[in-house]
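In what follows, every heavy atom counts, from backbone to side chain, and hydrogens, waters and symmetry copies are set aside.
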Amino acid sequence: MKIGINNNLSISCSKCKSGESLSFVMQRNSPVSLHEINQCRSCGNSFSYLDGIIDAYCSEHPFIALDFVSNIIEYGTCDIAIGTPKVVSLKQTVPIFHKVFLTNKEKFYFSAPIYENDRANFTILSSEEIRISRETTNEDSFGKFGDIVKIGWMVYGRTKELNVEPWKQLLVQSKEEYINEKYLLSFLSVAIALESYINSKIVENLNSKNIDEKSIDIFLKESNMVDKAFVLFKSLIGIDPVEVGNLSRSNFTKIIEKRNKIAHGKIVTVEKNEVIDVFNAVIKFIIYMENS
């Protein structure tokens, strides 16, 4: 199941952190189910395809994290004259730029991208590399002003409208805030995503029973979040969150309590590792729910 907004799913090894495209792995191994076991080609570690997908979604690797929040990815190479700005045209306008990576293909020189949202291009600035006078290096390996050199580039961005379920949008927002080191906002977004997902599944089930929208709204408002997850889920859908997603009632309660403190304006501290743990728990819960 796709949770991020990039169509290219990956799997990641929890031991050595190496990753592969899920489509390549599926073609190579032809598993019948995502619950089957895959063996990492780098370290030999064994894990289910489903757990590999979860680890990829939760990865802190810059490229994998940007994959999660990007539905616009372009890359290419071009020639630049060192010291002269180079405008690179893209195939489409990028409403929200996340990151532009540059890779020097030859020689050493300084390069940096300049970009603005809602543009179909970006600019590469370049100059000679600053060197320490005592360095003993091959002069020919350093680019000089005016030299024509080849440079690689890769753009990550996304559209403003994601056109996916609200809980998916909140997960993307949480990962974006995490990438930008805004851990409190990241925690808040992932906690609300969890609530949104649970509510959406309850509504989906009640709609299937032909219960009217007004009654459903009353039903949701009168039930607290913890009871929805650990009583209503099991009663209505026949799924126990503890058994399926390994999300305990006590951990769930802590997430909701901290979320409520933030929403009610109380001063709380959210550490980086706390966001990682909660994001991983929520992703695992949702993935296992969707594949149970």
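- The side-chain heavy atoms of Glu161 and Gln169, taken from C-beta on, include no pair separated by under 4.5 Å.
- Contact check on Lys160 versus Asp118 returns a salt bridge, with a Lys/Arg side-chain nitrogen under 4.0 Å from an Asp/Glu carboxylate oxygen.
- Counting only N and O atoms by type, the side chains of Tyr49 and Asn29 include a donor and acceptor under 3.5 Å apart.
- Looking at heavy atoms from C-beta onward, Ser127 lies in side-chain contact with Phe145 at the 4.5 angstrom threshold.
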Full working for salt bridge (charged side-chain N to carboxylate O under 4.0 Å, His left out) between Glu195 and Arg259: CA-CA 10 Å; Glu195 294 182 57; Arg259 175 261 185 222; 2.7 Å; yes
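- With rounding to the nearest 0.5 angstrom, the CG atom of Leu90 is 5.5 Å from the CZ atom of Phe97.
- Shown here for Val190 and Ser174, the closest heavy-atom pair between the two residues is CB-OG, 3.5 Å.
- No side-chain donor from either of Ser196 and Asn199 sits under 3.5 Å from a side-chain acceptor of the other.
- The only member of Ile124, Ile114, Thr123 that meets side-chain contact (heavy atoms from CB on, under 4.5 Å) when paired with Pro85 is Thr123.
- Side chain to side chain, Asp227 and Asn224 meet the donor-acceptor criterion of an N or O pair below 3.5 Å.
- Separating the CD1 atom in Ile216 from the CG atom in Leu206 is a distance of 5.0 Å, to the nearest 0.5 Å.
- Side chain of Ser48 to main chain of His35: no donor-acceptor pair is present (N/O by atom type, distance under 3.5 Å, no hydrogens or angles).
- Of all non-hydrogen atoms in Asp55 and Ser14, the two that sit nearest each other are OD2-CB, 3.2 Å.
- Ion pairing of Glu116 with Arg119 is present here, as a side-chain N (NZ or NE/NH1/NH2) and a carboxylate O approach within less than 4.0 Å.
- When every heavy atom of Ala81 is checked against every heavy atom of Ser126, the shortest pair comes out as O-OG, 3.7 Å.
- The two residues Val149 and Glu106 come nearest to each other via the heavy atoms CA-OE2, 3.2 Å.
- Note on Arg158 versus Glu176: salt bridge recorded, some NZ/NE/NH1/NH2 to OD/OE distance being below 4.0 Å.
- The number of heavy atoms from other shown groups lying within 6.0 Å of CZ (Phe101) is above 12.
- Residues Thr103 and Ile151 have side chains not in contact (no heavy-atom distance under 4.5 Å, counting atoms from C-beta outward).
- Heavy atoms only, all atoms of each residue included: Phe142 and Glu129 are closest at CD2-CB, 4.0 Å.
- Partners of Asp212 under the salt bridge (Lys or Arg N to Asp or Glu O under 4.0 Å) rule, at least two apart in sequence or in another chain, do not exist in this structure.
- In the model, Thr159 has a side-chain atom that pairs as donor or acceptor with a side-chain atom of Asn71 under 3.5 Å.
- Residues Phe122 and Pro113 approach most closely at CD1-CB, 4.4 Å, considering heavy atoms.
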side-chain contact (heavy atoms from CB on, under 4.5 Å) assessment of Phe47 paired with Asn45: CA-CA 7 Å; Phe47 54 90; Asn45 181 38; 3.8 Å; yes
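- Under the 4.5 Å side-chain heavy-atom criterion for ILVMFWY residues, a single connected hydrophobic cluster contains both Met289 and Trp167.
- Under a hydrophobic clustering in which Ile, Leu, Val, Met, Phe, Trp and Tyr are joined whenever their side-chain heavy atoms come within less than 4.5 Å, directly or via other members, Phe187 and Phe252 fall into the same cluster.
- Classification of Glu274 and Lys258 as a salt-bridged pair holds, one side-chain N sitting under 4.0 Å from a carboxylate O.
- In this structure the side chain of Leu171 reaches within 4.5 angstrom of the side chain of Phe68, judged on heavy atoms.
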Verdict with supporting geometry, Lys201 and Glu204, salt bridge (charged side-chain N to carboxylate O under 4.0 Å, His left out): CA-CA 5 Å; Lys201 290 302 171 184; Glu204 184 180 300; 3.7 Å; yes
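- With a 4.5 Å cut-off on side-chain heavy atoms, Ile80 and Thr84 do not count as touching.
- Judged by the 6.0 Å and 45° rule, Lys175 forms a cation-pi pair with Phe279.
- Under a hydrophobic-cluster definition in which Ile, Leu, Val, Met, Phe, Trp and Tyr are linked whenever side-chain heavy atoms come within less than 4.5 Å, directly or via other members, Val164 and Val203 are assigned to the same cluster.
- Between atom CG of residue Leu170 and atom CD1 of residue Ile192 there is a gap of 6.0 Å, rounded to the nearest 0.5 Å.
- Distance check: Lys91 NZ to Ile72 CD1 gives 12.5 Å after rounding to the nearest 0.5 Å.
- Summarising the geometry, atom NZ belonging to Lys150 is positioned 8.0 Å from atom SG belonging to Cys78; distances are rounded to the nearest 0.5 Å.
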Residues Ser21, Ser10; criterion side-chain hydrogen bond (donor to acceptor under 3.5 Å, both in side chains); working and verdict: CA-CA 4 Å; Ser21 166; Ser10 299; 5.8 Å; no
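- A donor-acceptor contact closer than 3.5 angstrom is absent between the side chains of Asn205 and Ser208.
- Under the 4.5 Å side-chain contact rule for hydrophobic residues, Val155 and Ile96 do not share a cluster.
- A 4.5 Å side-chain heavy-atom check between Asn280 and Ile54 finds every atom pair outside the cut-off.
- Residues Val100 and Met154 are not in side-chain contact: their nearest non-hydrogen atoms beyond the backbone lie 4.5 Å or more apart.
- Side-chain contact annotation: Tyr178 with Glu60, donor-acceptor N/O pair under 3.5 Å present.
- Tyr197 and Phe285 have perpendicular rings, their planes meeting at more than 60° on a 0 to 90° scale where under 30° would count as parallel.
- If you take CG on Asn291 and CG on Leu34, they are separated by 6.0 Å, rounding to the nearest 0.5 Å.
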Intermediate values then yes/no, side-chain contact (heavy atoms from CB on, under 4.5 Å), Ile287 and Tyr57: CA-CA 10 Å; Ile287 287 287; Tyr57 276 141; 4.0 Å; yes
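- Between the side chains of Asp51 and Tyr288, at least one donor N or O sits under 3.5 Å from an acceptor N or O.
- The backbone N or O of Lys144 lies less than 3.5 Å from a partner atom in the side chain of Asp147, making a donor-acceptor pair.
- Counting heavy atoms of neighbouring residues, nucleotides and ligands inside a 6.0 Å radius, atom NZ of Lys228 exceeds 12 of them.
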Test side-chain contact (heavy atoms from CB on, under 4.5 Å) applied to Glu213 and Asn207, step by step: CA-CA 8 Å; Glu213 292 294 331; Asn207 280 332; 3.1 Å; yes
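- A donor-acceptor distance shorter than 3.5 angstrom exists from the side chain of His61 to the backbone of Phe63, with no hydrogens or angles considered.
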Criterion side-chain contact (heavy atoms from CB on, under 4.5 Å) on Ser18 and Cys40, from CA distance to verdict: CA-CA 8 Å; Ser18 64; Cys40 177; 3.4 Å; yes
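- The hydrophobic clustering, which links ILVMFWY residues whose side-chain heavy atoms are closer than 4.5 Å, places Ile218 and Val231 apart.
- Sparse packing is recorded around CZ of Phe108, with 12 or fewer heavy atoms of other residues, nucleotides or ligands lying under 6.0 Å away.
- Taking the side chain as every heavy atom from C-beta outward, Ser186 and Val275 approach each other to under 4.5 Å.
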